[in-house]
Structure formats: C-alpha cells, structure tokens
Amino acid sequence: MADGHTITIEQGTRRVRVVHGDQVLAESDRPLVLRETGCPVRYYIPAEDVRLDLLTPSDTHTYCPFKGTASYWSLPDTTDLVWAYPDPKPDVAEIKDHLCFYDVEVS
C-alpha cells in the first residue's frame with residue numbers, strides 16, 4: 001500500500017441485499033466488508049449469492065493499483081452496475097469470486 005493508504009477486509013455479520021427496481025439482484029448473509037482509505041465502505045458479495053443470470057458482462061475495465069483490474073456487468077437499463085476483481089492483487093485476494101454493487105441495503 002502507498003503511504004497512508006490502507007485496505008481492510010473482514011467477514012460481514014449483517015445481511016446485505018441489492019434491489020434494482022423491483023428485482024432482487026443479490027442477497028447474502030456472508031458479504032466481505034472492504035474499507036479503503038478515501039472510499040465508502042463496500043460490500044463484496046459471493047458470486048453464488050448474486051443473480052448473475054440477470055447481468056450482462058460489460059466491455060468496461062478499470063485498474064486500481066491496490067486491488068488490480070476490475071471487470072463490470074450491466075443491466076439493460078443500467079450500465080456498469082456491478083464490478084469484481086477476477087484476479088485481485090495478493091493483499092486483497094479474498095475478494096476473488098465476489099461482486100460489488102454501488103448501492104446495497106444492509107440489515
């Protein structure tokens with residue numbers, strides 16, 4: 001990590017749910033909670049708990065020097081709604097096979 005930049009990942013203890021319109025896209029009791037300097041808390045949801053059948057892979061890819069290259073998925077009416085790091089950097093290896101959404105409900 002760069003000076004002053006930290007990422008922590010812990011096993012979440014709360015249920016997270018992702019709803020878009022009236023469609024539940026994901027629901028999980030086992031999210032990973034990622035905290036990164038300068039960023040909002042993010043919930044990484046195991047792929048098994050995400051309705052991948054509703055998402056379409058996007059051509060978008062972004063690079064984070066701390067996490068690696070992200071791939072994105074979209075809905076017909078919302079571009080790049082969800083992302084994942086298929087081959088994350090070693091320091092954040094546990095987010096592999098997990099997806100992250102911009103907005104989640106936490107209960």
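The basis for the numbers below is simple: all heavy atoms, side chains too, and nothing from hydrogens, waters or symmetry mates.
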Criterion side chain to side chain contact (heavy atoms under 4.5 Å, CB included) on Thr8 and Val33, from CA distance to verdict: CA-CA 8 Å; Thr8 60; Val33 181; over 6 Å; no
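- Remark: Arg30 pairs with Gln11, Ser28, Pro46, Glu48, Asp49 by the side chain to side chain contact (heavy atoms under 4.5 Å, CB included) rule, at least two apart or across chains.
- One distance of note links CD1 of Ile95 with OH of Tyr44; it measures 4.5 Å at 0.5 Å rounding.
- A distance of 6.0 Å separates NZ of Lys67 from CG of Leu34, quoted to the nearest 0.5 Å.
- Under the side-chain contact (heavy atoms from CB on, under 4.5 Å) rule, Leu25 has a single partner from Leu99, Val104, Leu54, Val82, which is Leu54.
- Taking CD1 of Ile45 as the start and CZ of Arg17 as the end, the distance is 11.5 Å to the nearest 0.5 Å.
- Side chain of Lys96 to backbone of Pro86: a donor-acceptor contact under 3.5 angstrom is found.
- Glu10 and Arg35 are joined by a salt bridge, as a carboxylate oxygen and a charged side-chain nitrogen come within less than 4.0 angstrom of each other.
- Between the CD1 atom of Ile9 and the CD atom of Glu94 there is a distance of 4.0 Å, given to the nearest 0.5 Å.
- When the side chain to side chain contact (heavy atoms under 4.5 Å, CB included) test is applied to Asp97, no partner is found at least two apart in sequence or on another chain.
- The cluster map of Ile, Leu, Val, Met, Phe, Trp and Tyr, joined by side-chain heavy atoms under 4.5 Å apart, puts Val16 and Leu52 in the same cluster.
- Counting non-hydrogen atoms of other residues, nucleotides and ligands closer than 6.0 Å to CG of Asp22 gives a total of 12 or fewer.
- Electrostatic pairing of Lys89 and Asp91 does not count as a salt bridge here, judged by no charged N lying under 4.0 Å from a carboxylate O.
- When hydrophobic side chains of Ile, Leu, Val, Met, Phe, Trp and Tyr are connected at separations under 4.5 Å, Val19 ends up clustered with Val24.
- The pair Glu27-Arg15 meets the salt-bridge criterion, with a side-chain N (NZ, NE, NH1 or NH2) lying under 4.0 Å from an Asp/Glu carboxylate O.
- The environment of Asp77 atom CG is dense: over 12 non-hydrogen atoms of other residues, nucleotides or ligands sit within 6.0 angstrom.
- Interatomic distance, Asp87 CG to Thr69 OG1, rounded to the nearest 0.5 Å: 8.5 Å.
- Tyr43 and Tyr102 end up in different hydrophobic clusters when Ile, Leu, Val, Met, Phe, Trp and Tyr side chains are linked at under 4.5 Å.
- For the atom pair Thr60 OG1 and Asp80 CG, the distance stands at 3.5 Å (nearest 0.5 Å).
- Residues Val41 and Phe66 are members of separate hydrophobic clusters, defined by side-chain heavy-atom contacts under 4.5 angstrom among Ile, Leu, Val, Met, Phe, Trp and Tyr.
- Between Ala26 and Phe101, the closest heavy-atom pair is CB-CE1, 4.0 Å.
- When atom types are taken as modelled, the side chain of His20 and the backbone of Val18 share no donor-acceptor pair closer than 3.5 angstrom.
- Between the Thr79 side chain and the Ser74 main chain, no donor and acceptor come within less than 3.5 Å of each other.
- Partner Ser58 forms a side-chain contact (heavy atoms from CB on, under 4.5 Å) with one of Trp73, Tyr72, Trp83 and no other, that one being Tyr72.
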